Structure formats: structure tokens, C-alpha cells
Amino acid sequence: MPKLHLKVLHKGNANLVFQVEVSHENCSPTLALTNEVSYWEKRLWRVCQKFEYLSKNNDYTRKINYPYLKEELPKDNNLQPINQYLLDYELVPISLDDIDAHSKKLLKKYVPFFDQHQIWGFRMPNLLPFETCTGKTIKIDHFSKLHDFSTGAGGDIEMIWECKPKWGYYNQARPESSWFCRNCCLNFVRQGSRKAGKICYSQTCEFRDVSVLQQCLDESNVEQSLHKKILNYFISSDSVVKKVFQAQYDVFKSLLKNGAYRDEDDSFFMQFFDSKLMLLRDVTCFIEFSKSGEIKEYIVDIDYKQIKLDKWKEKYEELCNTAEKVNMGESQQHMALKHTLIS
């Protein structure tokens with residue numbers, strides 16, 4: 001009987017993303033709930049690896065994460081700006097008996113105890129068409145990649161921009177604004193400089209300052225023919241990154257309206273410690289540019305965020321202590337930040 005072979009494409013703190021390869025022989029009906037080899041074409045399988053026991057990962061996927069994604073998030077009016085971009089997930093189990101020996105050994109590295117006979121995961125579209133198109137991936141910075149298919153063969157896709165916009169920054173005219181740019185400070189904490197994340201997406205999108213983005217494209221040897229499309233997209237009012245920032249803002253405003261997250265002195269809003277906000281601050285965006293001019297946008301890495309107040313507060317305090325060391329640049333946004341720090 002043919003077996004499924006799992007190839008790790010991405011490993012995060014909570015999830016593993018696999019490419020599932022199926023023998024081109026006649027497959028058993030038990031394989032991935034279907035006897036069609038095409039079932040896994042252009043699809044990936046995402047599995048939780050938060051816990052050592054398979055049963056706990058399965059329960060988390062089926063009883064917590066899946067209902068949260070399919071039932072709770074769509075009902076939240078504050079997420080209306082991004083609902084249409086959320087990647088569709090299908091809950092799919094695979095029997096351990098249908099996985100080859102090499103893949104089982106690989107799985108045990110991340111989930112040591114197989115106390116159930118099947119693994120529940122999310123079947124989802126594969127947004128990167130490297131199997132059918134010729135292209136190359138250019139790492140722009142820590143949070144940004146460009147998948148360039150402009151000079152390759154196979155399809156209408158010209159390029160795909162992949163990024164983590166992280167936290168939106170709101171200007172000083174808004175009283176609920178944070179007093180430093182968390183993205184730039186986080187990069188400094190992780191790498192000791194801004195080199196890890198050169199592009200500040202809140203700067204690019206909110207203040208329409210694309211100078212740093214333009215410089216990054218030049219330094220990364222991105223094809224000149226692609227520059228204008230990328231720059232125009234990020235300063236447009238309809239970019240998916242702006243929609244993510246708008247959703248962050250709407251969720252935050254709702255928290256303030258309900259009187260949530262004030263400290264004992266009522267002097268600082270604890271806006272950093274909300275599960276849904278932390279979800280929005282950790283999503284990944286894929287922007288697909290076609291040769292025909294069409295743009296498709298997707299939001300992935302959507303997961304329920306367990307409350308980790310101690311960890312989140314510790315990180316926030318570290319960022320506050322680091323803020324004054326960060327080279328804030330000369331943009332309108334960071335000029336305002338420097339003025340705040342000085343005063």
C-alpha cells in the first residue's frame with residue numbers, strides 16, 4: 001500500500017507546515033480521506049506541535065483553534081477589514097498507519113509521544129507555486145521576502161511579496177498611540193540593530209514614506225521593472241497591510257470603549273496584552289502580483305493566542321528600555337517619536 005511522505009516546509013513555535021507527497025499508484029481510500037492523488041496538489045498540511053503528546057495537539061487543533069478560526073473570528077465586527085483575506089483552513093486527519101517510516105521519525109522529533117492513531121491538522125492552499133513556476137526567493141529583511149517569478153516560465157504570477165507587518169503604529173494625534181515604534185525596537189532587541197528588519201511597514205503604509213523600502217529593493221537587487229508596482233501597492237489605501245493595521249486599531253478601540261486593560265493608576269492603557277491583538281500582530285501577508293495586472297492578497301498564520309501576560313509584559317518592558325537606543329531615522333513618524341523621547 002502506498003504511503004504519505006511528509007516534507008517540512010516551515011517550522012514555527014507552535015506549528016509545522018508540511019508538503020504531503022503521495023505515490024502516483026492507486027491510493028488507499030484511507031489516505032487523507034480520499035483516493036485521489038490530486039487531493040494534495042497545491043495544498044499543504046499544518047500540524048500543531050505545542051505539546052509533547054499527540055492527543056493534546058489534536059485536542060488543541062480540533063476543540064480550540066478550529067472553532068476559534070471558523071466561528072469566533074468571523075463574528076467579530078472589528079475584523080471585517082480583513083475577513084475576506086483570511087486563508088481558508090480545512091480540518092483533516094491523517095492516520096499514522098498511512099505515513100511512511102521516515103516521516104513518522106521526523107514527527108517524533110517535534111511530538112515525541114504518539115498516544116493516538118491519527119494526527120489532526122489543517123489542509124490549506126500552497127501560495128508559493130515553485131512546483132509549477134520557475135522563480136527565486138530574495139530575502140529583503142527579517143520580516144520580508146520577495147518571490148520573483150517575473151523572468152521564469154510557468155503561469156501568470158509575476159511576483160509574491162511575503163511579509164509580517166507586526167504592530168501598527170498610530171501617530172501622536174491619537175491619544176491611544178504608543179510612544180515608540182515597536183517594530184524597530186523589536187528588531188534592535190533581536191539583532192542589536194535595525195538590520196534585521198529594515199522596513200517599518202507602519203512607516204511605509206501610514207506615512208507613505210517608501211524611501212527605506214526603495215533602498216531595500218535596490219540593495220537586494222530586485223528587478224527594476226518590479227519596483228514601481230511594489231512601491232505603489234504599499235502606499236495605496238487598499239493594501240492588505242493597511243487593512244491589518246485598521247483591524248488592530250478597531251479591536252483596540254473596542255477594548256478602550258469597554259474600559260479594558262487600564263492599570264491601577266488609570267494612566268496607561270494596557271493595550272499590548274490582548275489575545276486578539278497579539279494574533280493580529282503576528283500574521284503573515286502574501287501579496288500576489290500577476291503579469292496581467294491582477295493583485296491577490298492573503299492573510300495566514302492565524303491562530304488562537306493563549307494569554308501569556310507575564311511573557312508579554314516582560315517583552316514590553318524590554319522594548320521600553322531599548323527604545324532610546326534605537327536609531328529612529330528621519331521619517332515623519334520617527335521624528336515624532338524622537339521628539340517624544342527627548343521631551
Side-chain angles (χ1 to χ4, degrees), residues 9-10 12 17 42-44 46 69-70 73-74 76-90 122-130 132-133 135 137-150 155-169 183 197 199-208 210 213 216-217 222-223 225-251 276-277 279-303:
L9 293 188
H10 175 74
V17 178
K42 300 181 180 180
R43 293 293 185 271
L44 302 174
R46 198 186 79 176
L69 299 180
K70 289 293 185 178
L73 291 186
D76 191 330
N77 290 331
N78 294 314
L79 300 184
Q80 288 304 311
I82 66 168
N83 274 340
Q84 63 178 307
Y85 305 107
L86 299 182
L87 200 67
D88 186 39
Y89 295 108
E90 179 185 358
F122 294 142
R123 177 176 174 262
M124 60 187 194
N126 184 357
L127 299 178
L128 299 177
F130 284 106
T132 56
C133 301
T137 296
I138 303 170
K139 185 174 181 179
I140 306 296
D141 69 6
H142 185 68
F143 297 124
S144 315
K145 294 178 182 176
L146 175 65
H147 308 283
D148 182 1
F149 302 96
S150 61
D156 185 47
I157 297 176
E158 184 173 31
M159 61 177 165
I160 296 174
W161 188 276
E162 177 185 349
C163 67
K164 275 187 173 291
K166 305 302 284 186
W167 290 34
Y169 173 83
N183 285 355
I199 303 168
C200 178
Y201 284 96
S202 50
Q203 170 182 320
T204 300
C205 292
E206 185 170 2
F207 293 94
R208 301 171 65 87
V210 296
L213 177 54
C216 288
L217 296 178
V222 174
E223 296 287 340
S225 60
L226 304 180
H227 284 211
K228 186 175 181 180
K229 290 184 179 182
I230 295 171
L231 298 176
N232 285 345
Y233 173 81
F234 278 110
I235 63 175
S236 71
S237 59
D238 293 328
S239 77
V240 69
V241 175
K242 280 192 175 181
K243 300 293 177 60
V244 170
F245 287 173
Q246 184 61 50
Q248 291 179 12
Y249 184 71
D250 291 345
V251 170
K276 201 163 291 180
L277 277 176
L279 178 156
L280 291 169
R281 291 161 178 165
D282 200 36
V283 300
T284 300
C285 297
F286 282 77
I287 303 105
E288 178 187 302
F289 299 81
S290 71
K291 296 171 184 175
S292 60
E294 184 182 9
I295 296 177
K296 296 179 181 178
E297 299 150 303
Y298 306 92
I299 296 174
V300 303
D301 290 349
I302 302 292
D303 275 306

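Along the sequence shown, residues carry numbers from 1. Everything numeric here is computed off the predicted structure, so don't read it as measured data.
Note: Trp161 CH2 to Lys145 NZ = 12.5 Å, rounded to the nearest 0.5 Å. One finds the CG atom of Leu87 at 9.0 Å from the CD1 atom of Ile302 (value rounded to the nearest 0.5 Å). Between Lys296 atom NZ and Ile160 atom CD1 the span is 10.0 Å, to the nearest 0.5 Å. Separating the CD1 atom in Ile299 from the OH atom in Tyr85 is a distance of 8.0 Å, to the nearest 0.5 Å. Distance CZ/Arg123 to CG/Leu44: 10.5 Å, rounded to 0.5 Å. Taking SG of Cys216 as the reference point, atom CD1 of Ile230 lies at 11.0 Å (rounded to 0.5 Å).
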> Run the side chain to side chain contact (heavy atoms under 4.5 Å, CB included) check on Leu128 and Thr137 step by step: do they pass?
Replying inline: CA-CA 10 Å; Leu128 299 177; Thr137 296; 6.0 Å; no
>> As a quick check of understanding, evaluate side chain to side chain contact (heavy atoms under 4.5 Å, CB included) for Val17 and Met124, giving each step before the final call.
In response: CA-CA 10 Å; Val17 178; Met124 60 187 194; 3.8 Å; yes
> Checking salt bridge (Lys or Arg N to Asp or Glu O under 4.0 Å) for the pair Lys229/Glu158: CA distance, chi angles, key distance, verdict?
Replying inline: CA-CA 11 Å; Lys229 290 184 179 182; Glu158 184 173 31; 2.5 Å; yes
> For Leu280 and Ile82, what are the C-alpha separation, side-chain angles and deciding distance, and is it a side chain to side chain contact (heavy atoms under 4.5 Å, CB included)?
Replying inline: CA-CA 10 Å; Leu280 291 169; Ile82 66 168; 3.5 Å; yes
> Where do Val222 and Ile140 land on the side chain to side chain contact (heavy atoms under 4.5 Å, CB included) test, with the steps shown first?
Replying inline: CA-CA 9 Å; Val222 174; Ile140 306 296; 4.0 Å; yes
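Within a 6.0 Å radius of NZ in Lys276, more than 12 heavy atoms belonging to other residues, nucleotides or ligands are found. Taking a 6.0 Å sphere around NZ of Lys70, one finds it holds more than 12 heavy atoms contributed by other residues, nucleotides or ligands.
Between Leu146 and Met159, some side-chain heavy-atom pair lies under the 4.5 Å cut-off. Put simply, the side chain of Asp303 reaches to within 4.5 Å of the side chain of Arg46, judged on heavy atoms.
Between Phe289 and Tyr233, the angle of the ring planes goes over 60°, which puts this pair in the perpendicular group of the 30/60° scheme. Between Tyr89 and Phe122, the two ring planes are tilted [angle within 30° to 60°].
Across all their heavy atoms, Asn83 and Gln80 have their closest contact at ND2-NE2, 3.3 Å. Taking all atoms of both residues into account, the shortest heavy-atom contact from Val244 to Pro165 is CG1-CG, 4.5 Å. The shortest non-hydrogen separation linking Pro74 to Leu69 is CD-O, 3.4 Å. Across Phe245 and Lys166, no two heavy atoms sit closer than the pair CE2-O, 4.0 Å. Scanning both residues, Glu162 and Thr284, for their nearest heavy atoms gives CG-CG2, 3.9 Å. Minimum interatomic distance between Gly135 and Phe149 (heavy atoms only, all atoms of both residues): CA-CD2, 3.7 Å.
The pair Arg43-Glu90 does not meet the salt-bridge criterion, since no charged nitrogen lies less than 4.0 angstrom from a carboxylate oxygen.
At least one donor-acceptor pair closer than 3.5 Å links the side chain of Lys164 to the backbone N or O of Asp282.
Between the side chains of Ser150 and Asp148, at least one donor-acceptor pair of N or O atoms lies under 3.5 Å.
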